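Convention: sequence-line order gives letters A, B, ...; per-chain numbering from 1. It should be emphasised that the depicted structure is a prediction, and the values quoted were computed from it without experimental measurement.
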Protein chains: 2
Amino acid sequence: MIESDDQTGFIPSSDGRIARGEITREKVLDAAERCFAMTGFDAVTVRQIAREAKVTLGVVGFHGGNKETLFLTVLKRRVETLNTLRLERLEELKAQSEPTIESLISAYVTPYLEIASRGDPQWRAYAMLVARIVSDDRYYLEMAPLYDPVARVYLAELAKLRPDADPQLLATSLTLTVSAMISIVASQARIAGLSDTAAPDLPLAYKDVLIDFCTGGILRALEPK
Amino acid sequence: MIESDDQTGFIPSSDGRIARGEITREKVLDAAERCFAMTGFDAVTVRQIAREAKVTLGVVGFHGGNKETLFLTVLKRRVETLNTLRLERLEELKAQSEPTIESLISAYVTPYLEIASRGDPQWRAYAMLVARIVSDDRYYLEMAPLYDPVARVYLAELAKLRPDADPQLLATSLTLTVSAMISIVASQARIAGLSDTAAPDLPLAYKDVLIDFCTGGILRALEPK
DNA sequence: TGACATTTTATACAATCGTACAGACAGTTA
DNA sequence: TAACTGTCTGTACGATTGTATAAAATGTCA
């Protein structure tokens, strides 16, 4: 049904070092990323992914393995990038001046919003996928070792600013911040629905509200009674 | 395999007006509620629901209809109750004194936390199910007419308190509040994971932090720059 | 009692699922 | 060229899916 695309069978042998299937592999991972982001793990069919990637069924298995393996591969593929962005922002922050709660929140939140707002639909899909799995405890055990370390770094910075604050209160505050951040990307339909005017669709447009909301929230939550 | 239970075939014919299958119907809906809450729509099997309800496969279809119909029935079954609770709280509030942002947030958030903290595992399951669908735009169109009207009532109250605030800012603030509330129930594993101490598992225990966080957040988000 | 409506059982069905694999194909190396 | 490795196609498999339905069971009512 679908005509063979331009690059079918093309191999970048100029270098000779790039494995022949590397391009196909990425097509598969990209397609899987889009599919999983759209409807979640269970609703997605391996055949759907194949169709989306414009490859045959067997290729998905060849490059992606198990459906579950494929899912985890997709998730882990970009974790490093996001984590690095967050840590870099933090370092810049600390190099310039003393961090504040607001600037910490900004440093944590901005990379994710930027990723979700990029032109690249692939990064946007990844952002939605993250939103999907973060709000589901089923995946927590699998995902915790990937994301929590960076969260703990930020948690430590918050603790430096509020040495007397209850650690559990700090953890809760950060979790609430994360879920607020996530909902900017995941619940855009609801935001647009409750505003009667057409709401902007780029997550970055909500950056200031989000940062204000989370900063104000943390400040008040940590305030000694 | 499973022995016939105590009440198999029992009919409350004392009244005679209660349909014979009403008990079975509720067993099916309850089981479906628990299953859908646990893993979401797509991962659940009609046969799983039947097993959970301790009825045969056909009974699920007889009382619940389609899998999708069953899902919607389960969702709609308790909406009225939750909405009423929220509106009652609001009325009490307005009767006593002038509402504040904090008291409004409390009135909106508390019923949900209480429902999720009840001993009744069924209500708890419903709370988790709501958390699942709220954070998924796939269900928004179906759910908006059920939940949004009450949200709009609260939105109007907020607007009364801050007449000059941008309506879109108000809508965003409320959405962030909702997602924070939801995450208290849905992301308990993550909260517990980031706190190193064992965190309490009753959502109501987080009521104060949540209200502080959301009020502080809204106050700062609405603050004129 | 016997006709009746409702509920439950048991089974069947086509469709689709994830996975596996033999063979065709392509490009590299000897 | 021939052997070889990595990639891809096509198809097949058993398992499981959602749904439908005939027949049995159950309780009601005349």
Q.
Filter on salt bridge (charged side-chain N to carboxylate O under 4.0 Å, His left out), then keep only pairs touching residues 180-209 of chain A, sequence neighbours left out; what's left?
A.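 Residue pairs passing salt bridge (charged side-chain N to carboxylate O under 4.0 Å, His left out), neighbours aside: R190(A)-D148(B), D196(A)-R152(B).
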Q | Residue pairs, two or more places apart or on separate chains, that pass salt bridge (charged side-chain N to carboxylate O under 4.0 Å, His left out) and touch residues 55-75 of chain B | A |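 Those involving residues 55-75 of chain B do not exist here.
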Q.
Main chain of A180(A), side chain of S183(A): is a donor-acceptor contact present, judged purely on distance under 3.5 Å?
A.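 Checking the backbone N and O of A180(A) against the side chain of S183(A), a donor-acceptor pair under 3.5 Å is found.
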Q) Is there a donor-acceptor pair under 3.5 Å between the side chain of S173(A) and the backbone N or O of I218(A)? A)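 The answer is no, because no donor-acceptor pair under 3.5 Å joins these two groups.
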What is the distance, to the nearest angstrom, from the [atom1] atom on [X] to the [atom2] atom on [N]?
X: E22(B); N: dG27(D); atom1: CD; atom2: P; value: 17 Å
X: K27(A); N: dC8(D); atom1: NZ; atom2: C1'; value: 11 Å
X: I23(A); N: dG6(D); atom1: CD1; atom2: P; value: 18 Å
X: L70(B); N: dG18(D); atom1: CG; atom2: C1'; value: 12 Å
X: R25(A); N: dC8(D); atom1: CZ; atom2: P; value: 12 Å
X: R47(A); N: dA20(C); atom1: CZ; atom2: C1'; value: 12 Å
X: L57(B); N: dA10(C); atom1: CG; atom2: P; value: 12 Å

Q: Apply salt bridge (Lys or Arg N to Asp or Glu O under 4.0 Å) to E91(A) and R86(A), showing your working.
A: CA-CA 9 Å; E91(A) 287 314 311; R86(A) 280 186 175 138; over 6 Å; no
Q: Within residues 31-46 of chain A, find the residues that approach DNA chain C with a heavy atom at under 4.0 Å, and present them sorted by residue number.
A: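 Residues of residues 31-46 of chain A that come under 4.0 Å of DNA chain C are, in numerical order, V44(A), T45(A), V46(A).
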Q.
Taking the axis from the first five pairs and the axis from the last five, what angle separates them in the helix from dT1(C)-dA30(D) to dA30(C)-dT1(D), rounded to 10 degrees?
A.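 Terminal axis comparison yields 10°.
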**Q.** Proximity to DNA chain D (any heavy atom under 4.0 Å), residues of residues 58-68 of chain B only
**A.**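 Correct list: N66(B), K67(B).
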Q: Measure from the side-chain heavy atoms of T56(A) and tell me the nearest of dT8(C), dT9(D), dT19(D).
A: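 That would be dT9(D).
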Q: Measure from the side-chain heavy atoms of T24(B) and tell me the nearest of dA12(D), dT8(C), dT17(D).
A: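 Comparing dA12(D), dT8(C), dT17(D) against the side chain of T24(B), the answer is dT8(C).
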Q) What class does the angle between the rings of F71(B) and Y139(B) fall in, given that below 30° is parallel, 30 to 60° is tilted and above 60° is perpendicular? A)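 Judged by the thresholds at 30° and 60°, the geometry between F71(B) and Y139(B) is tilted.
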(Q) Test of understanding: with salt bridge (charged side-chain N to carboxylate O under 4.0 Å, His left out), list the residues that count as partners of D137(A), not counting sequence neighbours. (A)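 Expected list: none.
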Q: Please check if atom CZ in R25(A) has more than 12 non-hydrogen atoms from other residues, nucleotides or ligands closer than 6.0 Å.
A: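 Count not over threshold, so no.
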Q.
Please tell me whether Y126(B) and Y112(B) form a close aromatic pair, meaning their ring centres lie under 6.0 Å apart.
A.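 Between Y112(B) and Y126(B), which both carry aromatic rings, the centre distance is not below 6.0 Å.
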Q.
Looking only at the aromatic ring of each residue, does the gap between the centers of F213(B) and Y206(B) stay below 6.0 angstrom?
A.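 Not close enough - the centres of the two rings lie 6.0 Å or further apart.
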**Q.** SB check E52(B) R47(B) (cutoff 4.0 Å)
**A.**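 Answer for the salt bridge query: no.
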